[in-house]
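Quick caveat, the model's predicted, so the values are computed rather than measured.
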Amino acid sequence: MAAAQRPNKAKPVPARSKSNLPIAGIAVGAVVVILIIAVMFAGGDQLGGAEFGEPEISGDALPLTLDSNPIDATQDPAFGLAIPEVTGQDFDGNTVEIKRGAPTALLFVSHSCPHCQDEIPEVQSWLDAGGGVDGVDIITVSTVANSAASNWPPSSWLAGEGWEPDVIADDSDSSVFAAFGGQAIPYWVFVDGDGNVAQRTSGRMQIPAIEAAMLAIAE
């Protein structure tokens, strides 16, 4: 899918060096690799029910991210494209939506990803200190869940970190992550007020870069 030619409403900002999650026995190096969007461990009885949602996704999926984050966000094949909309549930069954029409920072994380384990407390500490950008929501998608990980389940991991932003539990096929073109986590998607992609970044981001990206989409 070719990126639509729409006005650039967001200024690209630099991200920290990338991080990756090993999937299905694939050794991960220093560069981002394609994640296999699949159930990673056989046997449905291994998968905790409340840790997986049943999100409903509408709209076209975004193209896959590039192998490396472009310096210029307009070079991303998803730049300017409308995001798919999602109606999902948090771990308590409450409805959480990803909708067009409001500036939003989407953060895709996996509890078993060591870089996500670093990202979440850093962002929460920033928020606790009064960080964040007025008018820009942060919505988290818990994805690529692994019942064999030592910090299973993801709901307990996020609660233990005091994570406050809304969370959508992805399904066991990581369908929301796939719909947003994700290939590595943590994964940020910054959405402008029209519901279009302003920037996507695979890998951890420094707090100043997160804040700058959020300011760029704020209205």
Side-chain angles (χ1 to χ4, degrees), residues 3 8-21 31-35 37 61-84 86 96 98-100 102-111 113-127 131-133 135-144 158 161 163-168 170 174 176-193 195-218:
N8 180 3
K9 298 185 70 175
K11 298 177 182 178
V13 294
R16 187 179 291 184
S17 57
K18 293 190 205 162
S19 47
N20 312 277
L21 176 71
V31 298
V32 170
V33 297
I34 294 177
L35 298 180
I37 309 301
L62 298 176
L64 293 175
T65 53
L66 300 175
D67 289 339
S68 60
N69 295 319
I71 295 175
D72 182 351
T74 65
Q75 299 306 306
D76 183 339
F79 177 77
L81 295 182
I83 62 166
V86 179
V96 180
I98 299 172
K99 297 185 72 67
R100 303 170 194 142
T104 307
L106 303 175
L107 173 57
F108 295 77
V109 294
S110 170
H111 67 108
C113 161
H115 302 292
C116 301
Q117 293 167 13
D118 292 334
E119 185 93 309
I120 286 291
E122 286 183 1
V123 175
Q124 186 59 58
S125 293
W126 173 56
L127 296 175
V133 173
V136 180
D137 293 328
I138 298 176
I139 298 178
T140 321
V141 178
S142 171
T143 190
V144 196
L158 289 170
E161 297 293 351
W163 188 244
E164 295 179 350
D166 287 338
V167 177
I168 289 178
D170 208 350
S174 301
V176 180
F177 182 52
F180 279 81
Q183 299 199 77
I185 45 181
Y187 176 47
W188 288 89
V189 180
F190 298 94
V191 184
D192 67 23
N196 302 322
V197 175
Q199 182 179 338
R200 300 190 300 178
T201 299
S202 297
R204 286 176 62 192
M205 294 184 72
Q206 297 176 352
I207 294 302
I210 296 170
E211 184 173 31
M214 291 175 67
L215 285 169
I217 59 174

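When all heavy atoms of Q75 and L66 are compared, the pair lying nearest together is O-CD1, 3.9 Å. Between F177 and A184, the shortest heavy-atom distance links the atoms CZ-N, 3.8 Å. In plain terms, the two heavy atoms of F79 and A73 that are nearest each other are CB-O, 3.5 Å.
With hydrogens and angles ignored, the 3.5 Å screen pairs a side-chain donor or acceptor of Q117 with a backbone N or O of H111.
Looking at heavy atoms from C-beta onward, W163 lies in side-chain contact with L107 at the 4.5 angstrom threshold. Taking 4.5 Å as the limit, some side-chain heavy atom of L127 sits within range of a side-chain heavy atom of P165. A 4.5 Å side-chain heavy-atom check between V86 and I139 finds every atom pair outside the cut-off.
Taking SG from C113 and CZ from R204, the interatomic distance works out to 9.5 Å, rounded to the nearest 0.5 Å. Atom OG1 of T104 sits about 9.0 Å away from atom CE of M214, to the nearest 0.5 Å. To the nearest 0.5 Å, atoms OG (S125) and CD (E161) are separated by 8.5 Å. Taken from CG in N69 to CH2 in W188, the straight-line distance is 13.5 Å, to the nearest 0.5 Å. Once rounded to the nearest 0.5 Å, the distance linking CD1 of I210 with CD of E122 reads 8.0 Å. Separation of atoms CG (D166) and CG (D137) is listed at 8.0 Å; rounding is to 0.5 Å.
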Output, in order, the C-alpha distance, side-chain angles, deciding distance and verdict of side-chain contact (heavy atoms from CB on, under 4.5 Å) for R100 and I83. CA-CA 7 Å; R100 303 170 194 142; I83 62 166; 3.9 Å; yes
Check against side-chain contact (heavy atoms from CB on, under 4.5 Å), I217 and V133: CA-CA 10 Å; I217 59 174; V133 173; over 6 Å; no
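Not counting sequence neighbours, the partners of F180 by the ring-ring contact (aromatic ring centres under 6.0 Å, His included) test are F108. With sequence neighbours excluded, the residues satisfying side chain to side chain donor-acceptor pair (under 3.5 Å) with Q124 are D128. Residues passing the side chain to side chain donor-acceptor pair (under 3.5 Å) test with T143, sequence neighbours excluded: D170, S174.
For the side-chain contact (heavy atoms from CB on, under 4.5 Å) test with I168, the passing option among T140, L106, V96 is V96; the others fail.
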